[in-house]
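Structure first, commentary second.
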Number of protein chains: 2
Amino acid sequence: MNFQERKKKILAALDDTESLSVFELAEILEASPATIRRDLGDIAEEGLLIRTHGGAMKMENPVLTGFSEKSGVNNPTKEQIAEKAAAYVQDGDIIFLDCGSTVFQMCRFLKKKSIRVITNSLPILAELIDVPSIQINLIGGELNKARKAIHGDKAVQHINGYHAHKAFIGVDGLSAENGLTAHSEHESTITTAFIRNAGQVMLLCDASKIGKDSYVKFAELSAIHTLITDADAARTAALRQNGLNVEIAG
Amino acid sequence: MNFQERKKKILAALDDTESLSVFELAEILEASPATIRRDLGDIAEEGLLIRTHGGAMKMENPVLTGFSEKSGVNNPTKEQIAEKAAAYVQDGDIIFLDCGSTVFQMCRFLKKKSIRVITNSLPILAELIDVPSIQINLIGGELNKARKAIHGDKAVQHINGYHAHKAFIGVDGLSAENGLTAHSEHESTITTAFIRNAGQVMLLCDASKIGKDSYVKFAELSAIHTLITDADAARTAALRQNGLNVEIAG
DNA sequence: TTACTTTTGATCAAAAATAATCAAAATTGA
DNA sequence: TCAATTTTGATTATTTTTGATCAAAAGTAA
């Protein structure tokens with residue numbers, strides 16, 4: 001077994017269990033601890049996991065690898081949310097698509113529509129470029145290589161030059177108290193611009209992010225027209241009491 | 001069995017199983033390991049699979065790497081022009097890169113430089129995205145799928161928001177009488193914007209286009225600082241008489 | 001703190017895979 | 001047809017990867 005294969009398996013194993021020891025991984029992969037240590041060091045350097053003494057921990061927000069955006073593939077929950085969200089899109093619509101794995105999953109459900117997509121996400125661009133019925137408007141600006149997306153002032157200016165019927169966005173945290181929160185300023189400014197320039201804003205958000213707060217607080221709950229989530233009624237009760245329209249997928 | 005057939009079978013085999021060893025492939029294709037290695041090297045260079053020690057892995061999403069331009073690869077003339085042009089680029093430069101196959105060829109000669117690239121070309125984006133020393137600013141606007149480039153008013157506005165030390169551009173026709181000409185309005189407006197906002201303009205142009213005129217006349221000869229071409233002295237005489245600085249590659 | 005255990009990183013030799021070279025075979029073009 | 005070119009497969013030298021060993025560093029417990 002070579003490094004690439006082991007890397008894949010290590011990341012898959014860490015996706016299930018939060019953390020693993022060097023020896024556990026050595027047994028799973030049938031390799032020596034020395035090899036595992038070398039692998040973990042290399043993978044940690046890529047930012048795909050967190051190295052600990054004695055093993056490794058899952059990285060909560062892994063840098064997207066390649067343009068594949070694997071996280072979410074084979075994730076039935078994200079797929080269900082994405083499918084539900086895509087159902088809101090009608091032929092003739094002009095839509096904003098945010099970067100993020102759940103929004104990315106919408107692509108496969110959009111391919112039969114005749115729409116115009118405005119996005120800052122390279123994975124979405126790559127996924128939709130071969131669809132003849134979809135026109136793409138790419139947001140310009142500084143390329144964030146790690147996130148495979150365009151960020152920065154220029155990008156916000158670009159978005160401000162357009163109005164879309166609907167925006168499909170993601171967040172890192174959502175709560176009745178703090179509204180929408182994100183890990184980074186860069187992402188939140190883009191998402192804010194989408195919200196400002198769209199007629200209707202759909203927030204795609206899996207249950208794990210509801211009730212959690214992240215670093216940057218960037219929008220009120222009232223900015224959102226519909227939350228599409230897999231979370232059950234109990235979990236979204238507080239949000240609904242604040243007037244948020246919630247659609248449960250799955 | 002020839003290379004094209006084996007390539008097809010290798011990619012098909014990798015579609016089923018995530019990864020295969022050189023020896024497994026050698027058995028499947030009834031070829032020697034040496035041949036398989038050569039094939040894998042070539043296919044990996046196209047970006048259609050990932051080469052590993054001992055074999056190859058399936059490429060998750062070859063779409064963006066599929067942007068990678070093929071025309072011009074194995075074209076020694078274009079390569080020579082591109083190499084000469086790349087020699088004008090210094091560390092710290094901010095450069096505009098136009099779309100077009102000759103300019104695209106510059107990428108391989110730019111990978112060791114520390115520069116900032118502003119471009120509307122997706123193949124260039126795909127080629128340079130993994131180079132840590134190069135920062136990319138992507139020009140936003142309408143995506144022209146056929147040309148794998150961004151065009152339109154928004155793109156021109158975007159370019160007008162920047163100033164670069166150097167612009168590397170292409171044309172469809174170049175003559176002493178009519179200056180720079182292009183096939184399409186869309187491309188010419190972008191190229192014009194590059195010219196307007198760059199300190200120095202380098203025109204990359206192979207001999208076949210010199211003395212020819214195309215449809216849209218979009219810039220005077222005087223807009224160009226240096227023409228880099230493979231054409232001989234006789235062919236460029238008229239241009240030089242009009243004050244154009246000509247650098248002959250090869 | 002100190003003693004003890006665990007983990008790590010460096011080094012090295014063995015094994016595996018590769019790149020380079022070259023002659024034979026196949027293909028191509030005149 | 002024959003010569004020239006390209007492709008292939010075998011051989012060999014080089015590189016990469018691996019697992020073992022061991023001293024140093026980090027963590028743990030008294």
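If you're wondering where the values come from, they're calculated on a predicted model, not measured in any experiment. Chain A is the first sequence line, chain B the second, and so forth, proteins listed ahead of strands; every chain is numbered from 1.
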- Message: Is A:Arg51 close enough to C:dT7 that one of its side-chain N or O atoms is under 4.0 Å from OP1 or OP2 there?
- Response: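 Result: no.
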- Query: Taking only residues at least two apart or on different chains, which pairs with a member in residues 200-214 of chain B satisfy salt bridge (Lys or Arg N to Asp or Glu O under 4.0 Å)?
  - Reply: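 Residue pairs passing salt bridge (Lys or Arg N to Asp or Glu O under 4.0 Å), neighbours aside: B:Asp206-B:Lys209.
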- Which pairs with one or both residues in residues 28-37 of chain A pass salt bridge (Lys or Arg N to Asp or Glu O under 4.0 Å), sequence neighbours excluded?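 Pairs touching residues 28-37 of chain A that pass the test: none.
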- Query: Would you find a donor on one side and an acceptor on the other, under 3.5 Å apart, between the side chain of A:Ser121 and the backbone of A:Cys99?
  - Reply: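 Not at all, since once roles are kept as given, no pair shorter than 3.5 Å links the two residues.
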- Is the side chain of A:Asp172 donor-acceptor paired with the backbone N or O of A:His183 at a distance under 3.5 Å, no angle test?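 Between the backbone of A:His183 and the side chain of A:Asp172 there is a qualifying donor-acceptor contact (under 3.5 Å).
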- Residue met sooner reading DNA chain C from 5', once A:Thr52 and B:Gly55 are mapped to nucleotides: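 Closer to the 5' end of DNA chain C: A:Thr52.
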- Task: For atom NZ of A:Lys9, decide whether the heavy atoms of other residues, nucleotides or ligands shown that lie under 6.0 angstrom number more than 12.
- Result: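 Count not over threshold, so no.
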Rounded off to whole Å, could you give me the [atom1]-to-[atom2] distance for the [X] and [N] pair?
X	N	atom1	atom2	value
A:Gln4	C:dA17	CD	P	16 Å
B:Lys7	D:dT7	NZ	C1'	17 Å
B:Arg37	D:dT15	CZ	C1'	12 Å

- Message: Once you apply a heavy-atom cut-off of 4.0 Å, does B:Ser21 come out as touching a base, just sugar-phosphate, or nothing?
- Response: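 Contact class for B:Ser21: none.
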- Message: Is there a side-chain contact between A:Phe3 and B:His53 in this structure, where contact means two heavy atoms from C-beta onward sitting under 4.5 Å apart?
- Response: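 Sidechains of B:His53 and A:Phe3: no contact.
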- Task: Kindly calculate the angle separating the two end axes of the helix from C:dT1-D:dA30 to C:dA30-D:dT1, each obtained from five base pairs, and round it to 10 degrees.
- Result: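 Axis angle across the helix from C:dT1-D:dA30 to C:dA30-D:dT1, nearest 10°: 50°.
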Where do N or O atoms of nucleotides 17-26 of chain D meet protein N or O atoms at under 3.5 Å, pair by pair?
residue: D:dT18; atom: OP1; partner: A:Arg6; partner atom: NH1; Å: 2.6
residue: D:dT18; atom: OP1; partner: A:Arg6; partner atom: NH2; Å: 3.1
residue: D:dT18; atom: OP2; partner: A:Arg6; partner atom: NH2; Å: 3.1
residue: D:dG19; atom: OP2; partner: A:Ser32; partner atom: N; Å: 3.3
residue: D:dG19; atom: OP2; partner: A:Ser32; partner atom: OG; Å: 3.1
residue: D:dG19; atom: OP2; partner: A:Thr35; partner atom: OG1; Å: 2.3
residue: D:dG19; atom: N7; partner: A:Arg38; partner atom: NH2; Å: 2.6
residue: D:dG19; atom: O6; partner: A:Arg38; partner atom: NH1; Å: 3.4
residue: D:dA26; atom: O3'; partner: A:His53; partner atom: NE2; Å: 3.3

- Query: Who pairs with B:Asp232 by side-chain contact (heavy atoms from CB on, under 4.5 Å), at least two apart in sequence or on another chain?
  - Reply: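 Per chain and number, B:Asp232 pairs via side-chain contact (heavy atoms from CB on, under 4.5 Å) with B:Ala234, B:Arg235.
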- Query: Mind checking what makes side-chain contact (heavy atoms from CB on, under 4.5 Å) contact with B:Glu83, not counting sequence neighbours?
  - Reply: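 Partners of B:Glu83 by the side-chain contact (heavy atoms from CB on, under 4.5 Å) criterion, ordered by chain and then number, come out as B:Phe109.
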